[in-house]
Amino acid sequence: MKFGGTSVADAERLKRAAKRIVEKREAGHRVVAVLSARGKETDRLIADAFEVSPSPDPREMDMLLSTGERVSCALCAMAINDLGHRAISLTGSQAGIVTDTSHTKARILDVRADRITSALDDDNIVLVAGFQGVSTAKDVTTLGRGGSDTTAVALAAAVGADVCEIYTDVAGVFSADPRIVPDARKLNVVSFDEMLEMSASGAGVLQLRSVEYARNHGVRIHCRSSFDDQPGTIVVSEEDTVENPLITAVTHSTGEARVTLLGLPDHPGIAGRVTTTLAEANVNIDMIIQNEPVTADAKADMSFTIPREDLDTAKDALAALAAEHGIEIRTDESMGKVSIVGAGMKSHPGVAAKVFTTLGEHEINIEMISTSPIRISCVVPGDKVPDAVRALHSAFELSGPDTIRPEQPFGEFA
Ligand code: ADP
Ligand code: ASP
Ligand code: MG
């Protein structure tokens, strides 16, 4: 069982989570629960760091950020003990979560769960601080924003859990962020393929790495509300999806920055150097566009998008290469991205046409486009994102009780 920040935000909610965990135990299950930091605690800790330093040391950042989830676990253990059960709280390190050394976005390499299993054998409820581990260099690491989901999935895999329940502040995974589209539809099941695309394109309800990990290790995820008992969304393998809608969801992100490199020498190897430089700085590139030179001076332009928080890192990393080749770096910090995801689009033409036409009809300018077999993404001005999400959600009729089936005609775009 994993409880997110909103679900443990105050004493009342924390006690409610404790009660829920105890009920599971009393129903005869052995329970490992992963907790997130309370409410906006992680944001607050990040702000504290930037108050004392313009570029906080990543190792110290992890020492700081890992405290939030420890607080939740210790408090929850106290509440559970008061309910007449034994609970023990563990840090990520104590729980045996071993990661690589990339501070603030570490990857889990191994889970040595013997301490958890022996605590379970001793009839304890085990509470594990989410979002953290210990690196191969014995330093505390954190797993990137939303990382408690990945902690939960990794522990579920390590202890061979029946299910990994992700308790959150919405009823499951929806056809769009319910904060933007109030009549979005709850999905009863979603395939790993679609969920990976959704998480990668901004649906923060499940961290991307948690979905990858679950698929690689065969963990069953059930994402559901911490406020009621209704079933939520189950993430299933492709063979188990009974529904195969054309379009499943509209996702968005507002945290994008665009970097444009003007005047790249047009010779083989230069794109490789740019991207290698960024990879070495641990910056993930999303979309890339390169324009071939149109003038005789044989210079090309390249634009790509990256997470906004990585913009300074990217600029620093590229500075030497830019100086060497006389490349001008331009940036735009206020980009957003809207995507549609659906396994059914693989075999149905006309989807892209409908996306672009819909955005055009709403006077939303598309700045960049990228696709996968089951996703179409458009970079748009950041302030247009909510409009774009609502327009696409309604154009593809996603709010009804059922989404459009592939066998249904597709209007003027069929
Ligand atoms: P937690 O603190 O429980 O981990 P998060 O804030 O990380 O919760 O994730 C839940 C939030 O994800 C929801 O409140 C919702 O606004 C957002 N969200 C974005 N896209 C979706 C979607 N497609 N379905 C459900 N929630 C979504
Ligand atoms: N507390 C961390 C965050 O806010 C991890 C998580 O909640 O999953 O990103
Ligand atoms: Mg989360």
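Both ligands and their constituent atoms are indexed starting at 1 by order of listing.
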Report task. Output yes when the distance from some N or O of ligand 2 to some N or O of Asp149 is under 3.5 Å, and no in every other case. Result -> no

Report task. Using a strict cut-off of 4.0 Å, indicate which atoms of ligand 2 neighbour a heavy atom of Glu69. Result -> 1 (N), 2 (C), 5 (C)

Query raised in the report: With a cut-off of 6.0 Å (strictly less than), are more than 12 heavy atoms of other residues, nucleotides or ligands near CG of Asn284?
Result: no

Query raised in the report: Should Arg145 and Asp43 count as an ion pair when the cut-off is N to O under 4.0 Å?
Result: yes

Requested in this report: Answer yes when Arg258 and Glu333 have at least one side-chain N-carboxylate O distance shorter than 4.0 Å, and no when they do not.
Outcome: no

Requested in this report: Mark up the atoms of ligand 2 that fall under 4.0 Å of a heavy atom belonging to Arg145, in ascending order.
Outcome: 3 (C), 4 (O), 9 (O)

Query raised in the report: Can you tell me if CD on Glu324 sees more than 12 non-hydrogen neighbours from other groups inside 6.0 Å?
Result: yes

Requested in this report: May I ask you to check whether Glu60 and His103 show a side-chain donor-acceptor distance below 3.5 Å?
Outcome: no

Query raised in the report: Which bit of Ser36 gets closer than 4.0 Å to ligand 2, counting heavy atoms only: side chain, backbone, both or neither?
Result: side chain

Query - Evaluation steps, salt bridge (Lys or Arg N to Asp or Glu O under 4.0 Å), between Arg44 and Glu41 - result: CA-CA 5 Å; Arg44 268 194 295 275; Glu41 180 62 11; 3.2 Å; yes

Go ahead and list the nitrogen or oxygen contacts between ligand 1 and the protein that come in under 3.5 Å, distances to 0.1 Å, or just say none.
residue	atom	partner	partner atom	Å
ligand 1	2 (O)	Gly5	N	3.1
ligand 1	3 (O)	Thr168	OG1	2.7
ligand 1	4 (O)	Lys2	NZ	3.0
ligand 1	8 (O)	Thr168	OG1	3.2
ligand 1	14 (O)	Asp169	OD1	2.9
ligand 1	14 (O)	Asp169	OD2	3.4
ligand 1	14 (O)	Arg179	NE	3.3
ligand 1	14 (O)	Arg179	NH2	2.5
ligand 1	16 (O)	Asp177	OD1	2.8
ligand 1	16 (O)	Asp177	OD2	3.4
ligand 1	16 (O)	Arg179	NE	2.5
ligand 1	23 (N)	Phe174	O	3.0
ligand 1	24 (N)	Phe174	N	2.9

**Report entry** Any N/O pair Lys2/ligand 2 closer than 3.5 Å
**Finding:** no

**Report entry** Side chain to side chain, Thr357 and Glu361, heavy atoms closer than 4.5 Å
**Finding:** yes

Query raised in the report: Charged N to carboxylate O under 4.0 angstrom, Arg30 versus Asp123?
Result: no

Report summary line: Of all protein heavy atoms, the one nearest atom 2 (C) of ligand 2 is Thr42 OG1, 3.5 Å

Report task. Any atoms of ligand 2 less than 4.0 Å from a non-hydrogen atom of Gly146? List them with their elements. Result -> 3 (C), 5 (C), 6 (C), 8 (O), 9 (O)

Query raised in the report: If you draw the axis of the six-membered ring of Tyr167, does the NZ or CZ of Lys2 fall within 45° of it and under 6.0 Å from the ring centre?
Result: no

